[in-house]
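Computed from a predicted structure; not experimentally measured. What's counted below: heavy atoms across the whole structure, side chains too, no hydrogens, waters or symmetry copies. We count ligands from 1, going down the list as the structure has it; atoms in each ligand are counted the same way.
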Amino acid sequence: MTQTIATARACSNIAFIKYWGNRNSALRLPANGSISMNLDGLETVTTVRFDPALPADRLILDGKEQGGEVLERVSRHLDHLRTLAGIQTRALVISRNNFPTGAGIASSASAFSALTVAACAALGLRLSERQLSALARLGSGSACRSVPGGFVEWYAGRDHDSSHAQSIAPPEHWALVDLVAIVSSAHKAVGSTGGHALAPTSPLQAARVADAPRRLNICREAIYKRDFEALADVIEQDALMMHAVMMTSSPPLIYWLPTTLHIMQAVQQWRQAGLPVAFTIDAGPNVHVITTAEFRAQLSQRLAQIAGVDRVLEAGPGGPTRLLDEHLSAD
Ligand code: DP6
């Protein structure tokens, strides 16, 4: 094989109905389906170059050569794609996030979506969006939702092929905004992968999973109808159910900081006062405050004034993962 190169850009995404726990952790077949919105402007760009001269895979992330677990995870993912292409050639992967590293924004979704789409293109694999989404899932579950654009549903599925994500509405369908209130950029003690493994130890997980189809229906309908009130209620309930599972796992996972709770309470007060605003929280202390474009500036300012909020990132609905013509270079 001669050198082949491709570059892709992927958005991060925020889940409205969360993925938490796997039925099959090797394949990342989730315990329940999930729904998310891609985040425009919070992106990863990744160049993959397969090079017969390389003795091993290399990963340069935000200008720094990576080793250990981070490199191994990328290498394992490339192995899946190499097997599909029937080659063993090693790759140089150069990746950049445009959101601050360590800002507490999950980068695995955009990272593995961009990596999958770029690597498959470099390998000359001609795959459908559905196949790319299922493959991205093997690298990081939430990455399958960054492959298609806009508002996206990940169907839990029964096997590798059926567990994929698909767009349920394009980005222009609804001008929602995610205001990410950064409370702490500290590295998490237990990341998502470790957290998923603990989910079944909570007696609440079975109830959360059993009720997921109801929440998915409400969320999907709320998106179709642009019904903010219905969306607000269901995303807050879903996030709280996931955190109830986290907090009651063995050992317990408590991601919230005092400022997390202050923001949650402020959001509920603002909504009672008539503003379209709701919160959701991933596996960390930062709060994703969802509103409409009309209230973006006002709510961003209010959030920035809360003591303990370091900064506020803003993102509207983003598009699908795309191939780019320009490649990143190692220096
Ligand atoms: C809380 O997709 O990061 O953000 O598959 O182990 O990479 P891995 O987990 P990941 O889990 C995301 C968990 C979440 C909820 C969500 O995005 O649905």
Begin with the C-alpha distance, continue with both residues' side-chain angles, and end with the deciding distance and a verdict on side chain to side chain donor-acceptor pair (under 3.5 Å) for Asn217 and Arg220. CA-CA 5 Å; Asn217 286 338; Arg220 198 185 306 109; 2.8 Å; yes
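- Annotation for ligand 1: atoms under 4.0 Å from non-hydrogen atoms of Arg73 are 7 (O), 8 (P).
- Looking at every heavy atom in both residues, Arg145 comes nearest to Ala15 through NH2-CB, 3.6 Å.
- Side-chain contact between Arg130 and Gln166 is absent, with no heavy-atom pair separated by less than 4.5 Å.
- Side-chain contact between Ser107 and Phe99 is present, with heavy atoms from C-beta onward closer than 4.5 Å.
- Under a 4.0 Å criterion applied to the non-hydrogen atoms of Met242, ligand 1 contributes the atoms 1 (C).
- Of the polar atoms of Trp20, none of the N or O atoms is found under 3.5 Å from an N or O of ligand 1, judged by distance alone.
- Judged by the shortest distance from any of its heavy atoms, Ala283 lies inside the 4.0 Å radius around the atoms of ligand 1.
- Between Tyr255 and Trp20, the two ring planes are perpendicular [angle over 60°; tilted spans 30° to 60°].
- Here Ala15 has side-chain heavy atoms under 4.0 Å from ligand 1, and that is the only part of it that gets that close.
- For ligand 1, the atoms sitting less than 4.0 Å from at least one non-hydrogen atom of Lys18 are 15 (C), 18 (O), numbered in the order shown with element in parentheses.
- Listed by number with element, the atoms of ligand 1 under 4.0 angstrom from any heavy atom of Thr193 are 6 (O), 7 (O), 8 (P).
- Here's the thing with Arg145: one of its N/O atoms is less than 3.5 angstrom from an N/O atom of ligand 1.
- Ligand 1 lies out of reach of His243, whose nearest heavy atom is not under 4.0 Å from it.
- When the options Thr44, Thr116, Thr321, Asn13 are evaluated for a side-chain hydrogen bond (donor to acceptor under 3.5 Å, both in side chains) with Ser146, the one that passes is Asn13.
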What verdict does the side-chain contact (heavy atoms from CB on, under 4.5 Å) test give for Ser36 and Ile14, after you've listed the backbone C-alpha separation in whole Å, the side-chain angles of each residue and the deciding distance to 0.1 Å? CA-CA 5 Å; Ser36 58; Ile14 178 65; 6.0 Å; no
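- Less than 4.0 angstrom separates some heavy atom of Ser140 from each of these atoms of ligand 1: 2 (O), 3 (O), 5 (O), 7 (O), 8 (P), 10 (P).
- Polar contact check, Ser192 against ligand 1: a nitrogen or oxygen pair lies under 3.5 Å apart.
- Using 4.0 Å as the threshold, Arg137 has no heavy atom nearer than that to any atom of ligand 1.
- Checked against a 3.5 angstrom limit, the closest N/O atoms of Gly141 and ligand 1 fall inside it.
- Using modelled atom types, one finds a donor on one side chain and an acceptor on the other under 3.5 Å when comparing Trp256 with His243.
- Residue pairs that meet the ring-ring contact (aromatic ring centres under 6.0 Å, His included) test with at least one member in residues 117-171, sequence neighbours left out, are Tyr19-Trp154, Tyr155-His164.
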